[in-house]
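Below is one structure; the comments refer to it alone.
Residue numbering restarts at 1 for every chain, and letters A, B, ... go by the order of the sequence lines.
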Protein chains: 2
Amino acid sequence: MSIKSVAKMAGVSIATVSRYFNKPDLLKKQTRDKVEKAIAALNYQPNTLAQNFRRGKSGLIVIVVYNIGNPLYENFTQAITPIAQSKGYDILIKETNRKNLDIKYYQDMLSSKQADGLIVMIDLPKLDGKTHFMLANLPIVFIKEERPANDDLPHYIGFDNYEAAETAAEHLINLGHKNIVCISSEENNTACLNRQSGFIFAIQKAKLLHERVITVRDNAEAIEEVVNSILQMEPKITAIFCTRDDLAIEVLSVLKQMNIEVPKRISVIGFNNIRYAAKTHPPLTTIEQPFAEITQQAIKVLCEKIENLPQTNDTEDIQNSTSTFNHRLIIRSSTASPLI
Amino acid sequence: MSIKSVAKMAGVSIATVSRYFNKPDLLKKQTRDKVEKAIAALNYQPNTLAQNFRRGKSGLIVIVVYNIGNPLYENFTQAITPIAQSKGYDILIKETNRKNLDIKYYQDMLSSKQADGLIVMIDLPKLDGKTHFMLANLPIVFIKEERPANDDLPHYIGFDNYEAAETAAEHLINLGHKNIVCISSEENNTACLNRQSGFIFAIQKAKLLHERVITVRDNAEAIEEVVNSILQMEPKITAIFCTRDDLAIEVLSVLKQMNIEVPKRISVIGFNNIRYAAKTHPPLTTIEQPFAEITQQAIKVLCEKIENLPQTNDTEDIQNSTSTFNHRLIIRSSTASPLI
DNA sequence: TTGAAAGCGGTACCAC
DNA sequence: GTGGTACCGCTTTCAA
């Protein structure tokens with residue numbers, strides 16, 4: 001079943017059939033009808049493999065993730081897909097289950113034409129000058145929760161965790177909280193580290209005393225222990241800022257088990273607005289990152305890279321545009337003014 | 001950068017270079033070395049697009065999901081990927097964000113050769129005879145929590161919720177419980193319905209009286225009410241079987257709030273072994289479905305379909321093999337013998 | 001053990 | 001507007 005059979009059946013040349021798909025306007029209505037009928041009769045579908053080969057493009061943008069279990073990803077994929085499709089690319093997700101993939105991995109995917117472009121959501125190992133340059137010339141865009149601190153990765157689209165954390169802290173401060181604790185993940189995650197810094201800065205700016213940050217392993221027992229100790233602190237802690245929603249959710253769950261009322265006794269705010277954040281009891285106040293905008297930007301940059309790679313080696317404008325996205329405070333019921 | 005340049009550089013024909021990749025044993029060591037050197041010098045990578053085209057295969061199996069946010073998926077993808085890779089397929093995930101996709105959608109993906117095979121984790125609309133037949137002849141395997149009740153979908157790999165629920169009930173019965181209640185979700189979910197049936201069957205088989213099933217809305221208040229009423233039943237209920245872990249987790253949480261000791265006063269067993277099941281107090285006894293085995297089977301079936309489609313139109317053996325997977329009872333501390 | 005060459009199914013240029 | 005045809009990069013048969 002190829003273009004040939006269609007051509008034969010319609011009594012035209014294969015060139016005409018090809019045109020039917022690619023430049024239908026060039027065909028006389030009459031011819032178009034003939035071709036159309038033959039296609040329908042044979043139930044013909046162009047062979048994508050042949051098309052891709054001939055065009056030298058796969059028409060694919062692959063999103064590379066470590067593990068799809070991360071609930072954050074869906075925010076991105078949801079936003080990316082329609083935009084990519086409108087630009088003629090299909091989006092597929094590749095789960096690597098490996099951290100710190102070598103750049104060669106991405107290079108191979110691209111040079112072997114498995115994908116026209118990559119959106120990578122995994123950390124890269126440190127880059128030397130050469131690989132850095134290489135990367136700038138590959139159709140890859142990185143989206144990470146945070147730009148690596150000491151490294152100006154080209155085409156890096158990221159969040160401003162620092163400012164966003166400031167917003168979260170200020171929300172609590174504006175509600176009247178004076179004694180706030182930050183619970184953060186123990187793993188050495190730049191995003192969380194920056195949120196911690198943002199938190200501390202806001203506390204200091206407000207001239208409050210408590211700028212304590214507690215890091216915790218990511219399991220229920222550890223979190224229970226931490227919450228317990230927080231409840232017993234003096235002066236009395238009235239609010240907790242968690243640097244990730246899942247931490248906040250665990251905290252909420254522990255507090256519930258202990259019959260501690262939220263937000264009456266203590267307010268809790270999270271970070272990221274993952275799907276489950278709206279479903280806690282009480283629903284979690286949190287910070288939402290501008291996924292749609294970031295994504296839009298990422299795709300735009302990527303498509304430009306795919307099309308213009310030979311020319312554009314300067315990426316200044318693109319890099320600079322990353323810092324303009326605005327996070328959003330989502331106020332639900334887990335935060336309120338403290339009882340005096 | 002093609003096979004041609006390599007051939008030229010190595011002073012051999014393109015056929016030889018091709019053989020270097022596909023049947024290296026056929027080459028004289030000396031020739032192999034020459035080719036190898038040229039490849040390294042040019043940093044050559046075969047063009048996957050051309051390979052796929054020539055071979056008529058994409059080398060891809062696509063997992064079609066509705067939305068990657070579902071935490072169940074990671075269990076599957078993790079298990080599928082290594083197996084598929086060992087069979088020469090790469091796994092990519094396609095998020096559709098659309099329910100009830102028409103069969104045509106899958107057909108198109110396959111006939112246009114975007115994928116060699118599909119693992120579909122979305123519900124299908126009801127099938128008429130023709131589409132049913134069509135489906136049997138396509139390299140697609142369906143994995144869902146439950147096979148649709150009134151529909152024998154071909155190549156459907158599912159769980160045996162009925163038997164697994166029986167196992168759960170029998171665990172309680174063997175511990176000596178005589179008065180057991182089943183709490184199930186109010187939503188009309190086939191998986192849960194079958195678990196209810198399995199429960200009832202086990203109770204009847206053991207000639208116990210209490211085969212009561214209580215369905216409940218999925219919120220904390222409703223569950224609290226139900227638990228309350230269960231505690232007051234006569235004869236005294238000593239065990240609860242929940243058809244989903246999240247229900248069990250809520251039940252546990254309510255019991256804790258009421259200072260009811262688990263499993264001393266009452267045993268609780270869940271279903272699915274979700275990630276949080278190990279983290280309750282006490283840790284939840286539950287049933288684990290055999291993701292790895294199911295997945296292995298799905299891939300095996302799919303690869304067979306991909307390879308043998310023209311011949312195998314009878315699928316009996318494959319369909320029958322779905323029921324052989326063994327669930328696993330995971331005994332933690334939320335179940336024990338009743339106090340007499 | 002190697003090379004020559006046909007051809008996979010399209011696209012797009014050039015002629016008419 | 002339409003047809004003829006070279007060609008994309010690779011695999012594979014056949015012959016040497």
>> Is any side-chain heavy atom of L72(A) closer than 4.5 Å to one of M121(A)?
In response: no
>> Rounded to whole Å, please give me the gap between NZ in K34(B) and C1' in dG3(C).
In response: 12 Å
> Within this structure, what is the NZ-to-C1' distance between K23(A) and dA12(C), rounded to whole angstrom?
Replying inline: 8 Å
>> At a heavy-atom distance below 4.0 Å, what parts of residues 108-117 of chain B sit against DNA chain C?
In response: none
> How many Å lie between NZ on K8(A) and C1' on dG4(D), as a whole number?
Replying inline: 18 Å
> Is the closest side-chain heavy-atom distance between L27(A) and P24(A) below 4.5 Å?
Replying inline: no
> What are the two closest non-hydrogen atoms of I91(A) and T81(A), and how far apart are they?
Replying inline: CG1-CA, 3.9 Å
>> Taking the side chain as everything from C-beta on, heavy atoms only, tell me whether P139(A) gets closer than 4.5 Å to D116(A).
In response: no
> Does F53(B) stack onto the base of dC10(D), taking stacking as ring centres under 5.5 Å apart and planes under 30° apart?
Replying inline: no
> OP1 or OP2 of dT11(C) less than 4.0 angstrom from a side-chain nitrogen or oxygen of Q51(A), does that happen here?
Replying inline: yes
> Charged N to carboxylate O under 4.0 angstrom, D33(A) versus K37(A)?
Replying inline: no
> Under the 3.5 angstrom rule, does the side chain of T48(B) hit a backbone N or O of S112(A) as a donor-acceptor pair?
Replying inline: yes
> Can you check whether R54(B) has a side-chain N or O nearer than 4.0 Å to OP1 or OP2 of dC8(C)?
Replying inline: no
>> So, using side-chain hydrogen bond (donor to acceptor under 3.5 Å, both in side chains) as the criterion, who are the partners of S111(A) when residues are at least two apart?
In response: none
>> On DNA chain C, does the nearest nucleotide to K28(B) precede the nearest nucleotide to I3(A) from the 5' side, or the other way round? Give the residue.
In response: K28(B)
> Over how many whole Å does the gap from R55(B) atom CZ to dC8(C) atom C1' extend?
Replying inline: 13 Å
>> Using whole Å, what does the distance between atom C1' of nucleotide dT2(D) and atom CZ of R32(A) come to?
In response: 14 Å
> Quick one: M1(B) CE to dC10(D) C1', roughly how many Å, whole number?
Replying inline: 13 Å
> Which whole-number value in Å describes the distance from N47(B) CG to dC8(D) C1'?
Replying inline: 9 Å
> To the nearest angstrom, how far is L49(B) atom CG from dG10(C) atom P?
Replying inline: 14 Å
> Which residues in residues 13-20 of chain B have at least one heavy atom lying under 4.0 Å from any atom of DNA chain C?
Replying inline: S13(B), A15(B), T16(B), R19(B)
>> Does dT11(C) have its OP1 or OP2 closer than 4.0 Å to a side-chain nitrogen or oxygen of N22(A)?
In response: yes
> Would a distance-only check, ignoring hydrogens and angles, find a side-chain to backbone donor-acceptor pair under 3.5 Å from K4(B) to I14(B)?
Replying inline: no
>> With no hydrogens and no angle check, just 3.5 Å: does a side-chain donor-acceptor pair link Y89(A) and K57(A)?
In response: yes
